[in-house]
Amino acid sequence: MSRSFHRVVLGLSVALIAVALLGGFGPAGVSANQSTGAYRQMGVYEEVLHKIQTDYVTKPDLETVTDGALHGLLQSLDPDSGYFTPAQWTSYQEHQKDGKAGPGMIVSKRYGYGSVVSVLPGSPAQEAHIQDGDLINSVEGQSTRDMSVSMIRALLHGQPGTEVKFQLVRPAKPQPVDMKLTRAEVVPPALDVQQYENSSILYLKPYVLTSDRVDQIIARLQQMPKNGNKKVLLDLRDVAEGSPEQGMRLANAFLKSGVIAKLQGQTVPTKVFSADASKFVTAAPLVVLVNQGTAGAAEIVAGAVLDNKRGDVVGNRTFGAGAEDKIFNLPSGAAIELTIAKYETPSGSKIEDDAITPNVPISEAPNDDLLPNAAKQPRTDDQLNKGLDILKGKSTPQRG
């Protein structure tokens, strides 16, 4: 075999061992079974690469083949794990110095490509009618299939006023759509507060779950008796921004006891996050609205409410995002990003793998933003209406 082939096998083997061990790049603390399994898989990869080199229709570029194999290897684990080629890792680090302005959409990966989780109101993405579920085929001419989700996010962001070019694939549309948007520093809308049924139902839509926003929600919940509010409709549709800690804070406002969430990983000690009675705010009847744009911290809230039977969750199955990641540098100048732990609902369901399925499933009305004005129909919010109907039939808990 050629020297170049041996180098490729060696590089791929190092990556395979790293992924197999997950806790580092050496044999310390590794069982014999783990080591044996890793070396067995190295043999399989070596055999496959040798066949590609000797029998493929044309002489392959083994470096390209290896990059493709490593991208596929990491993406086969979960959407948040990914591989950076040396060039991508250098580019990623350089982009960390850029501004944080962007098109105003939360992005992850699905089906091997970048995916729009949700779009922020008032953002360039919303003005361009980008929708939840749109796939990002490429960014700046580079296929998102061959980059990690962190790389996709880095390329989309930059200095305010600069342009970013990307290509969308829309559901049921055969041809990709070329987009060119001006990056902006998008400020989330203020907390949306409304009252229904003669003020008895307090409606809250946070848009994001930042620390300040959760503070605002808790303050409104504390004011409920003074304002005559007796029930809560929490709208977490398209809420995809916020840390797990803020999701747990918000869930705790509705839970006096019980488990809120769990965190588990091979090298991460299992953590169980339980409700703190001192942070409990209200036992008012509760309905939570969710959709496919509900992700991360908002899913922690919905999962805790559902599993603790604290209220009803109405809407569509959520996106499925809830993990802790870590980047490992490789000797070649490349890097890998690995999911090292995943958040679970109180019942033990991994949020990233299973998402949250409402106990009251109600589909959203189709988004007709892309249709001509003549074809648009008045939209009814069936999810909101169902949530209100459920709360109207709930009795208010006795105080004391």
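In this chain, residues are counted from 1 in sequence order.
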- Message: Could you measure the distance from the CD atom of Q126 to the CE atom of M105? Nearest 0.5 Å is fine.
- Response: 13.0 Å
- For residues F273 and P244, determine if any side-chain heavy atom of one lies less than 4.5 Å from a side-chain heavy atom of the other. no
- Message: Test your reading of the model: is there a side-chain donor-acceptor pair from K109 to the backbone of M147, 3.5 Å cut-off?
- Response: yes
- May I have all residue pairs that pass ring pair (Phe, Tyr, Trp, His ring centres under 6.0 Å) and include part of residues 148-200, sequence neighbours excluded? none
- Item | For S243, all residues meeting side-chain hydrogen bond (donor to acceptor under 3.5 Å, both in side chains), sequence neighbours excluded | E245
- Give, for atom CG of L384 and atom CG of L289, the distance between the pair rounded to the nearest 0.5 Å. 6.5 Å
- Task: Would you list the pairs meeting salt bridge (charged side-chain N to carboxylate O under 4.0 Å, His left out) in which at least one residue belongs to residues 202-212, sequence neighbours left out?
- Result: K205-D235
- Item | Separation of Q175 CD from N137 CG (nearest 0.5 Å) | 11.0 Å
- Which salt bridge (charged side-chain N to carboxylate O under 4.0 Å, His left out) pairs, counting each pair once, include a residue from residues 125-154, with sequence neighbours left out? D134-R170
- Query: After noting the C-alpha distance and the side-chain angles of T380 and D382, does the key distance pass the side-chain hydrogen bond (donor to acceptor under 3.5 Å, both in side chains) rule?
  - Reply: CA-CA 6 Å; T380 58; D382 294 333; 3.2 Å; yes
- Can you name the side chain to side chain contact (heavy atoms under 4.5 Å, CB included) partners of S199, sequence neighbours left out? Q195, N229
- Here the gap from K231 atom NZ to L388 atom CG, rounded to the nearest 0.5 Å, amounts to 10.5 Å
- Item | Working for side-chain contact (heavy atoms from CB on, under 4.5 Å), residues Q216 and V193 | CA-CA 10 Å; Q216 294 169 17; V193 181; over 6 Å; no
- With ILVMFWY side chains joined below 4.5 Å, transitively, what does Y207's cluster contain besides itself? none
- Note on the structure: Taking every heavy atom of P206 against every heavy atom of L191, the minimum-distance pair comes out as CA-CD1, 3.7 Å
- What one should report as the nearest heavy-atom pair of G104 and S123 is O-OG, 3.3 Å
- Query: Going by heavy atoms in the side chains, are M248 and N252 under 4.5 Å from each other?
  - Reply: no
- Query: Transitively linked via ILVMFWY side-chain contacts under 4.5 Å: L286 with L209?
  - Reply: yes
- Measure the spacing between OG of S91 and CG of L155 and express it to the nearest 0.5 Å. 5.5 Å
- Message: Determine whether D78 and T339 satisfy the following criterion, side-chain hydrogen bond (donor to acceptor under 3.5 Å, both in side chains), listing intermediate values before the conclusion.
- Response: CA-CA 8 Å; D78 61 62; T339 296; 3.0 Å; yes
- Task: Please confirm whether the backbone N or O of A335 pairs with a side-chain atom of N329, one donor and one acceptor, at under 3.5 Å?
- Result: no
- Note on the structure: Looking only at heavy atoms, the pair that brings P121 and V186 closest together is O-CG1, 4.2 Å
- Yes or no on side-chain contact (heavy atoms from CB on, under 4.5 Å) for N291 and D238, after CA distance, side-chain angles and deciding distance? CA-CA 7 Å; N291 65 0; D238 294 313; 3.4 Å; yes
- Item | Partners meeting side chain to side chain contact (heavy atoms under 4.5 Å, CB included) with P176 (sequence neighbours left out) | Q167, V169
- Message: Determine whether a donor-acceptor pair (N or O, by modelled atom type, separation under 3.5 Å) exists between the side chain of Q222 and the backbone of V281.
- Response: no
- For the residue pair S347 and T345, confirm or rule out a side-chain donor-acceptor distance under 3.5 Å. yes
- Query: Do you know which two heavy atoms are closest between T318 and I356, and how far apart they sit?
  - Reply: OG1-N, 2.8 Å
- Item | Minimum side-chain heavy-atom gap S150-F84 below 4.5 Å | yes
- Item | Side-chain touch E324/Y343, heavy atoms, less than 4.5 angstrom | yes
- Side-chain donor or acceptor of E185 paired with backbone N/O of P160 under 3.5 Å: no
- Are L234 and V305 close enough that some pair of their side-chain heavy atoms sits under 4.5 Å apart? no
- Could you tell me which non-hydrogen atom of P358 sits nearest to which non-hydrogen atom of G315, and how far apart they are? CG-O, 3.3 Å
- Message: Side chains of E241 and R213, heavy atoms from C-beta outward: is any pair under 4.5 Å?
- Response: no
- Hydrophobic cluster identity match, L181 and I152, side-chain contacts under 4.5 Å: yes
- With S332, which residues qualify under side chain to side chain contact (heavy atoms under 4.5 Å, CB included), at least two apart? L330, A334
- Between T144 (side chain) and G114 (backbone), is there a donor-acceptor pair under 3.5 Å? yes
- Donor-acceptor contact present, side-chain R183 to main-chain E163, <3.5 Å: yes
Exercise answer: donor-acceptor pairs, residues 254-262 side-chain atoms, under 3.5 Å, sequence neighbours excluded:
| from | atom 1 | to | atom 2 | distance (Å) |
| --- | --- | --- | --- | --- |
| K262 | NZ | P346 | O | 3.3 |

- Return each pair, listed once, that meets salt bridge (charged side-chain N to carboxylate O under 4.0 Å, His left out) where at least one residue sits in residues 282-292; pairs must be two or more places apart or across chains. none
- Please round to the nearest 0.5 Å and tell me the distance separating atom CD of Q194 and atom CD1 of I201. 12.0 Å
- Item | Among L74, D325, D80, side-chain contact (heavy atoms from CB on, under 4.5 Å) partner for L338 | L74
- Item | Hydrophobic cluster (4.5 angstrom, side-chain heavy atoms) - remaining members for V187 | none
- For Q96, enumerate each residue passing the side chain to side chain contact (heavy atoms under 4.5 Å, CB included) test, keeping only those at least two apart in sequence or located in another chain. Y92, K100, A154
- Message: Would you say that more than 12 heavy atoms from the other residues, nucleotides or ligands in this model lie under 6.0 Å from the CG of D55, or not?
- Response: yes
- Message: Does atom NZ (K386) have a neighbourhood of more than 12 heavy atoms from anything else shown, all under 6.0 Å?
- Response: no
- Should Y113 and I136 be regarded as members of a common hydrophobic cluster, given that ILVMFWY residues are connected when their side-chain heavy atoms come within less than 4.5 Å of each other, either directly or indirectly? no
- Query: If every non-hydrogen atom of R249 is compared with every non-hydrogen atom of S211, which pair is closest and at what distance?
  - Reply: NH1-O, 3.6 Å
- Item | Cluster link L202 to V290, ILVMFWY, side chain under 4.5 Å | yes
- Query: Going only through I, L, V, M, F, W and Y residues with side-chain contacts under 4.5 Å, is there a path from L73 to V149?
  - Reply: no
- Within a strict 4.5 Å, meaning less than it, do heavy atoms of the N316 and R237 side chains meet? no
